[in-house]
Every structure is written in C-alpha cells, then in structure tokens.
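These notes concern the structure reproduced below.
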Amino acid sequence: MSIGSDGPVADKASTRPDAPAKRRSSRSRSSENPIRNSIELNVSLPAIEVKMLNASSLADYEVWLFVASVTSSTSVGFLVAYFQSLADKDGGADIAMLVSAIIFGVIFVVTFGRAMGLRKSISKEAKSVRMQATEIEGRDLIA
C-alpha cells in the first residue's frame, strides 16, 4: 500500500507476486522550470519614424487622383476611337471623337495638377514622430 495525494491507495504491483518492483516517481517535488533562472532574454527594437498626415487632406488628394485617372482613361479611349474612325473611313474622320479626347485631356491635366498640389501641401504639413527603441529584460516577463 502506498500513500498518494488522495490518501492510502493499494498498489496493484503489490497484490501480484510476479510483478516487478514499482518505480518511485518524483512527484513529491514541485514541478518547476529547470532553466527559469538561467535564461536572460534581451529584445531591442529599432527606432521607428512615423509620418502623421491630415486625414481629410489625404482623402481629398485620393479623390482628385482618382478623377485624374478616370479622365485620363476617357481621353485615351476617345483618342483611340478617333484614330479607328480615321482608319475606317476613306478621308473622313469623326471630329467629335477628337474634340472629346482634347476636352478630357484638358480636364485630366487640371485634375492631375490639383492632385499634385494637394500632395505637396500634405508633405509640407506632415509631422514626423520618432519612437525610441525599447529594451525588455526577460526576467521581468517570466512569472
């Protein structure tokens, strides 16, 4: 009979005469991490620089850039249509396609110029925040 954490417990090995001797476990000692005190962990993070931007100005810039992209595609589309009509007809071209391509080209230049002006003003207003490197000691992390 052996004594466990729940009180006396009968050993099955002791009831059979041919059973080998029972090994004693080392559960009496509390199970601790054997390398707990021998590890030292140092983690260092590099300094990080973050640019802080005005969100509403950034949204305006994105909208103007999107409009510039759409007008550029439209202008090129009308220009391609003009050249195809020039090749299809014998001497007569659809002048309305050329005029539309020019108008959308001018709108593209204006909207792209506005987008680049907003980008320049956003870059001037941007504030740079530098976060310092941090060092963490591993012994403080292990409880």
Rounded to the nearest 0.5 Å, what separates atom CZ in R119 from atom CG in D60?
15.5 Å

Can you tell me how far apart CD1 (I95) and OH (Y82) are? Round to the nearest 0.5 Å.
5.0 Å

Please enumerate all residues that pass ring pair (Phe, Tyr, Trp, His ring centres under 6.0 Å) together with Y61, with sequence neighbours excluded.
none

Without swapping roles, check the side chain of S69 against the backbone of L65 for a donor-acceptor pair under 3.5 Å.
no

Consider only side-chain heavy atoms of I, L, V, M, F, W and Y, link residues closer than 4.5 Å, and tell whether F112 and V109 are in one cluster.
yes

Could you state the interatomic distance from CG (D94) to CG (L86), rounded to the nearest 0.5 Å?
10.5 Å

Let me know which of T111, V110, L118 forms a side chain to side chain contact (heavy atoms under 4.5 Å, CB included) with R114.
L118

Specify the closest pair of heavy atoms between I122 and S57, including all atoms of both residues, with the distance to one decimal.
CD1-O, 3.3 Å

Linked, directly or transitively: F83 and L98 (ILVMFWY side chains, under 4.5 Å)
yes

When clusters are formed by joining ILVMFWY residues with side-chain heavy atoms under 4.5 Å apart, either directly or through shared neighbours, do I102 and F108 land in the same one?
no

Among S73, S72, S75, the one residue meeting side chain to side chain contact (heavy atoms under 4.5 Å, CB included) with F104
S75

Any link between M116 and W64 through a network of hydrophobic side chains (Ile, Leu, Val, Met, Phe, Trp, Tyr) touching at under 4.5 Å?
yes

